[in-house]
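A quick write-up on the structure given underneath.
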Amino acid sequence: AQSVTQPDIHITVSEGASLELRCNYSYGATPYLFWYVQSPGQGLQLLLKYFSGDTLVQGIKGFEAEFKRSQSSFNLRKPSVHWSDAAEYFCAVDTNAGKSTFGDGTTLTVKP
Amino acid sequence: DTGVSQDPRHKITKRGQNVTFRCDPISEHNRLYWYRQTLGQGPEFLTYFQNEAQLEKSRLLSDRFSAERPKGSFSTLEIQRTEQGDSAMYLCASSGGQPPYEQYFGPGTRLTVT
């Protein structure tokens, strides 16, 4: 069965600083990969996705992620964080079965 | 399109009572998913439908839980004889019927069992 690990439970960055959130997955083949953002009390909003092709994918709100097959990783990045980016971020994998397996999330705090 | 909607947004119930939640997916989506999320955790898969057929149920879904999608449109999730451990956010998502299954989530129903 597939699994997802987000090693950082909580990250704090200063506004304007760069951000990288880590995601590692365990699966025998290349899965579909997703990053979601969740604000307090809200559902999940899809930031970006990787299905195939170019391993660097662009998403909404200035986020990007890079798929590295050799490291089984799909890390999320943003060059300059805004205070409104403070939220919880989830990485998820789908092995073509249609149901997603999520990591436990990383909470992002943005310092002014 | 208004996206995925869920009703109610919040539900407080006493232990032992039955509760039912509703999810209305994006109209052209034929797949519908239910997840449960507890504090500090990512969403956990419960079950999903393709049209009206329930294709898979997680072992997390005890026999107190039942989900239906009678006409392949909206879905209901019922929990019988609620327990305090059922307190969680229940999330619904929908997607098209072909891979990759890009899921769109509703706002969730927060259940508190007292």
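A note on names: the letters A, B, ... follow the listed sequences, proteins ahead of strands, and every chain is numbered from 1. Just so you know, these numbers come straight off a predicted model, no measurement behind them.
Put simply, the side chain of B:Glu102 does not reach to within 4.5 Å of the side chain of A:Tyr32, judged on heavy atoms.
Counting heavy-atom neighbours within 6.0 Å of B:Arg64 CZ, excluding the residue itself, gives a total above 12. For B:Ile12, the CD1 atom is loosely surrounded, since the number of other residues' heavy atoms within 6.0 Å does not exceed 12. Within 6.0 Å of CD on B:Glu68 lie no more than 12 heavy atoms contributed by other residues, nucleotides or ligands.
Contact annotation for A:Gln38: only side-chain heavy atoms (C-beta onward) come within less than 4.5 Å of a heavy atom of chain B. With a 4.5 angstrom heavy-atom cutoff, A:Leu44 touches chain B via backbone and side-chain atoms both.
None of B:Tyr48, B:Tyr35, B:Tyr33 except one satisfies the side-chain contact (heavy atoms from CB on, under 4.5 Å) rule with A:Ser100; the exception is B:Tyr35.
Note on A:Val110 and A:Ile60: same hydrophobic cluster, where clusters join Ile, Leu, Val, Met, Phe, Trp and Tyr whose side-chain heavy atoms are under 4.5 Å apart, directly or indirectly.
The list of salt bridge (Lys or Arg N to Asp or Glu O under 4.0 Å) pairs with a residue in residues 9-28 of chain A, not counting sequence neighbours, reads A:Asp8-A:Arg22.
The most heavy-atom pairs under 4.5 Å with chain A, out of B:Arg9, B:Gln37, B:Gln6, B:Glu44, come from B:Gln37.
Distance check, rounded to the nearest 0.5 Å: CG of A:Leu46 to OH of B:Tyr104 gives 6.5 Å.
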